[in-house]
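A short write-up of the structure that comes next.
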There are 2 protein chains.
Amino acid sequence: MRLSIRQTLPASGDVEANLGLISRAAKAAAREGADLLLLPELVTTGYGAGAEALSRLAEPADGPTVTALAQIAAETGVALIAGFPERDGETIYNSAVFTNGADTPALYRKSHLYGDYEREVFTAAEPATCLVEHAGITLGLLICYDVEFPENTRRLAQAGAELICVPTALPDLPGSYFVARQMIAVRAFENQVFIAYADHAGEEGDFRYPGLSRVAAPDGGTLARAGARPGQISAEIDPTAYAASRAENTYLRDLR
Amino acid sequence: MRLSIRQTLPASGDVEANLGLISRAAKAAAREGADLLLLPELVTTGYGAGAEALSRLAEPADGPTVTALAQIAAETGVALIAGFPERDGETIYNSAVFTNGADTPALYRKSHLYGDYEREVFTAAEPATCLVEHAGITLGLLICYDVEFPENTRRLAQAGAELICVPTALPDLPGSYFVARQMIAVRAFENQVFIAYADHAGEEGDFRYPGLSRVAAPDGGTLARAGARPGQISAEIDPTAYAASRAENTYLRDLR
């Protein structure tokens, strides 16, 4: 399965502009033969749009934004995973959707909110196991801070995930570099799965993102990595290529 | 609290020689002002002594070997953590003991055995929370493969461990380098604790150990590291120096 990641500098609060950006990224991914395009957290609105805009722009999971994402997937033949603010009645979740343009989109809601900014707008969902079959691979979804808790990746791996896709919006803090460069690879290794991590890059209002999007392999290696600027990276997701690593590192079997 | 780690090439199957090595290491630690000396897995017998010797040399936790370790601690004023094969009736555990030379030693039994070699000799203990107060720090104990499971470090951190001490005997496999260099730092960071990891180095019979003993700090930094040869390293364990890291990375508080 060919995976593409678009590391974005979103247009803050401008859904139409961001859908245009996503459409262009999906076309670029299609030209590379990608089966899946992974986009960052809250990419449809920008992560840093502010509490008022995130609340105002939040939409149901069957609303116009997700419908537009499904249309992009249908037109390009590239499935999408994208973060968006989701409204469910009076409750707003920090969510991500998987759409292949044909089936009902799969929805994941962030369970571990980060910091006061997110907690002002969003409700934390109960930790959940969202799995999708796509292009021969079992995908699991988490969002940003969720992946920093080994309990969340373990739950998905034990449920059968081979690739865990993580839209994120890393703040530019010292610990964030450690998370991207060290922790993501360890999450992959300790579960013998792939982890794809898609961040924003650059400045959006008061927010600054370090980029560092990447794809980690089951053996702890890094298959693709982005730098500090917007851009697109891709990697082949082939679990059969890591049989030796799984045979040497039998964590899921040995856990007591 | 000053921590010393002795990275050893043990004398295979020769307890007396290894007690001599431990005594010399404790004296060296005392000269540095260390409060605690951490030694590798099965250091009293050698990890690679073979199934017959490990079974024959296994002793109760109040046997002559632990008594000798307590005497070394009492003479040098340096507490010891050392791995040894423990006999409890017909059952043999891969254990580690903490002794300060005065109080009853604390005992930890490995819960996650690694590979057929260990499983032939040892019985896996139920995962347990072994904590010790020493020199103003709350220590937790794990052995080797145990630390590769985030569930074990999390359990100790949630119980209050500030420093997790890990006697180990890493095999010289590709994944072992990843474990030592990447995973140990992540285990420290994701729990905001210190991790001390003490390995053998060199060849013992059919076994080859890569060394790579180290001390990881709560912010993911490495305070001390050994190379591929036997030697002694030390580090200051000061939780108060990492208040900023704990304030930024509130995993234990935020876990749901």
Side-chain angles (χ1 to χ4, degrees), chain A residues 110-116 118-119 124-128 145-155 157-158 171-192 216-222 242 244-256, chain B residues 110-116 118-119 124-128 145-155 157-158 171-192 216-222 242 244-256:
Chain A
K110 190 175 188 175
S111 64
H112 288 71
L113 299 177
Y114 182 81
D116 292 339
E118 291 188 22
R119 293 184 185 117
E126 287 299 308
Y145 198 38
D146 290 336
V147 79
E148 299 181 33
F149 296 83
E151 293 83 355
N152 290 324
T153 44
R154 183 71 98 207
R155 186 178 66 249
Q158 286 178 325
D172 196 358
L173 292 171
S176 299
Y177 291 81
F178 184 86
V179 167
R181 291 178 175 150
Q182 304 258 84
M183 187 186 277
I184 295 302
V186 169
R187 292 282 171 269
F189 185 88
E190 71 196 7
N191 293 294
Q192 293 294 306
D219 65 355
T222 300
Y242 293 88
S245 179
R246 282 196 301 278
E248 185 187 313
N249 304 290
T250 51
Y251 294 118
L252 294 183
R253 192 179 73 202
D254 294 343
L255 174 63
R256 304 185 64 219
Chain B
K110 190 174 187 175
S111 64
H112 288 72
L113 298 177
Y114 182 81
D116 292 339
E118 291 188 23
R119 293 184 185 115
E126 287 299 307
Y145 198 36
D146 291 335
V147 79
E148 300 181 32
F149 296 83
E151 292 84 355
N152 290 325
T153 43
R154 184 71 98 206
R155 186 179 65 251
Q158 286 177 325
D172 196 0
L173 293 170
S176 299
Y177 292 81
F178 184 85
V179 167
R181 290 177 176 150
Q182 305 256 86
M183 186 185 278
I184 296 302
V186 170
R187 291 281 171 271
F189 185 88
E190 72 197 6
N191 293 294
Q192 293 293 306
D219 65 354
T222 300
Y242 294 88
S245 179
R246 284 196 301 276
E248 184 187 313
N249 304 290
T250 51
Y251 295 118
L252 295 183
R253 193 178 73 202
D254 294 344
L255 173 63
R256 303 185 65 217

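Just so we're clear, the structure is a prediction, and the values are computed from it rather than from any experiment. Each chain gets a letter, A, B and so on, in the order its sequence line appears, and its residues count up from 1.
- The nearest pair of heavy atoms linking A:Phe178 to B:Asp219 is CD1-O, 4.4 Å.
- For the pair B:Glu248 (side chain) and A:Leu173 (backbone), a donor-acceptor distance under 3.5 Å is absent.
- Residues satisfying the ring pair (Phe, Tyr, Trp, His ring centres under 6.0 Å) test with B:Tyr242, not counting sequence neighbours, are B:Phe194.
- For chain B, the option among A:Met183, A:Arg181, A:Gln182, A:His112 with the highest count of heavy-atom pairs below 4.5 Å is A:His112.
- Top candidate by heavy-atom pairs under 4.5 Å with chain A, chosen from B:Pro174, B:Ser245, B:Gly115, is B:Pro174.
- Pairing each heavy atom of A:Tyr145 with each of B:Asp254, the nearest pair is OH-OD2, 2.6 Å.
- Put simply, the side chain of B:Phe189 reaches to within 4.5 Å of the side chain of A:Val179, judged on heavy atoms.
- In this structure, B:Phe149 CZ and A:Arg154 CZ are separated by 6.5 Å, a value rounded to the nearest 0.5 Å.
- Residues B:Glu126 and A:Arg256 are paired through a salt bridge, judged by an N-O separation under 4.0 Å between the basic side chain and the carboxylate.
- Using a 4.5 Å cut-off between heavy atoms, B:Ala244 makes no contact with chain A at all.
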